Colleague: 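Mind having a look at this structure? Questions to follow.
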Amino acid sequence: MRIGVLTGGGDAPGLNPAIAGVVERASIDGIEVVGLKRGWQALSIRENDHHIVKLGPEIIREWSRLGGSKLQCSRTNPVKEDNDRTDLVKENMKKWGLDALIAIGGEDTLGAAEVLNARGVPVIGIPKTIDRDLAGTEYTLGYDTALNVICESAERVAHTAESHETIFFLEVMGRHAGWLALRGGESAFADVILIPEYPFSVHKLISVLKERQRENEHLGFEHRYKIIVVAEGSHIEGEEAVRRDSKLDEFGHYSLGGVGDYLKGLLEHEFKHTRYTALAYLQRGAPPTQRDRQIGRRFGHAAVELVKNGKFGHMVGVQKSKLTVVPLREVRKSPRLVDVDKLYDRERLNVKIENPLLEG
Ligand code: F6P
């Protein structure tokens with residue numbers, strides 16, 4: 001038996017441990033694994049000799065600790081309406097002797113996997129995205145590492161913000177979902193957290209910051225800097241999220257980014273010093289944390305088990321801290337967003353701290 005493994009969409013720490021897990025489990029059972037480079041691209045083109053690599057047990061130790069994807073990623077959509085390559089994917093599978101595929105990706109990569117599976121391509125999914133917004137699983141590879149980077153970076157930003165008595169916008173990723181901002185901001189004791197799920201007003205933002213200042217003074221300390229953790233998809237009510245450029249990817253998404261800079265500009269007349277920095281790709285490139293290595297490896301093993309049992313059209317995942325298996329069509333449901341009523345304090349533009357510790 002021969003399995004092809006691919007990583008699609010944006011990279012996330014945990015991809016390499018998952019590939020290592022696939023190879024580890026497959027080697028024990030004498031199953032061959034080949035890496036398909038650049039997501040769905042390897043199977044969507046004809047000249048693909050340089051896109052296919054044999055993966056043996058020798059990669060396991062090294063790959064298991066590396067960030068990014070040693071197989072590279074792309075946002076190729078093999079089932080794009082005006083450029084459908086399903087037949088070519090099937091032809092390529094035959095050409096390379098592939099009996100099954102393991103696709104590691106988010107909503108787009110696994111959405112395409114689901115469509116292909118329904119058309120007779122045997123696929124298993126492994127969920128990844130630092131945003132942790134995929135339906136059907138409580139965990140997606142990369143989230144924990146990105147969260148740790150945010151937490152550490154917020155501390156660094158706080159030192160410079162304190163020294164210059166600045167209102168500091170720290171922009172983090174999160175296109176539709178504010179999990180990274182919410183939990184990263186919470187851990188960093190941010191003064192304000194802005195998430196895509198709750199469009200806010202500039203007036204409110206200014207009044208919350210001033211109120212925080214009064215609270216600090218009342219408590220008897222002069223805390224003359226403020227940290228605002230802002231998700232890239234957050235936006236002012238009535239406005240759209242700020243786009244980085246006007247390009248659309250193959251799945252129809254714009255790249256977001258710059259909302260922190262935009263808000264910094266809007267607040268400049270109210271506060272003396274405002275600053276902005278975006279963590280952008282620094283969140284994605286870190287070496288995977290223990291959690292992303294462990295879950296990546298387990299996901300890899302579980303995916304090979306599913307291939308062996310012929311349970312195609314499914315994705316491994318986590319529910320209530322347990323490894324689960326769900327139909328791939330789950331990923332096409334609405335993304336897993338922050339429940340604003342439960343978890344977000346609209347008055348303080350911050351996390352609700354009275355809710356159960358780990359909810360969401
Ligand atoms: O989906 C994960 C993610 O990290 C989003 O938070 C972000 O909007 C997107 O990828 C950016 O990816 P890229 O710039 O690589 O297209």
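Every heavy atom of this structure was used, including side-chain atoms; hydrogens, water molecules and symmetry mates were not. By convention here, the first residue in the shown sequence is residue 1. Please read all numbers here as calculations on a predicted model, not as lab measurements. We count ligands from 1, going down the list as the structure has it; atoms in each ligand are counted the same way.
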Colleague: Checking Arg346 against Phe200: charged group under 6.0 Å from the ring centre and within 45 degrees of the axis?
Modeller: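 No - Arg346 does not lie over the ring of Phe200 by the 6.0 Å and 45° rule.
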
Colleague: What residues join Leu337 in its hydrophobic cluster, counting side-chain heavy atom gaps under 4.5 Å, either direct or through other members?
Modeller: none

Colleague: Run through ligand 1 for me and note each protein residue having a heavy atom under 4.0 Å from it, chain first, then residue number.
Modeller: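 Residue list for ligand 1: Arg75, Thr129, Ile130, Asp131, Met173, Gly174, Arg175, Glu232, Arg244, Tyr281, Arg284.
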
Colleague: Does NZ or CZ of Arg275 fall inside the cone over Phe168's six-membered ring, less than 6.0 Å from its centre and within 45° of the axis?
Modeller: no

Colleague: Taking transitive links into account, so neighbours of neighbours count too, which hydrophobic residues share a cluster with Leu256 at under 4.5 Å side-chain distance?
Modeller: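 Cluster partners of Leu256: none, it stands alone.
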
Colleague: Show me the donor-acceptor pairs within less than 3.5 Å that the side chains of residues 315-326 make with the rest of the protein, sequence neighbours left out.
Modeller:
| residue | atom | partner | partner atom | Å |
| --- | --- | --- | --- | --- |
| Gln319 | NE2 | Gly136 | O | 3.0 |
| Thr324 | OG1 | Gly317 | O | 3.3 |

Colleague: Does Arg336 qualify as a cation-pi partner of Trp179, given the criterion of NZ or CZ under 6.0 Å from the six-membered ring centre and within 45 degrees of its axis?
Modeller: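 Output yes; distance and angle both within limits.
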
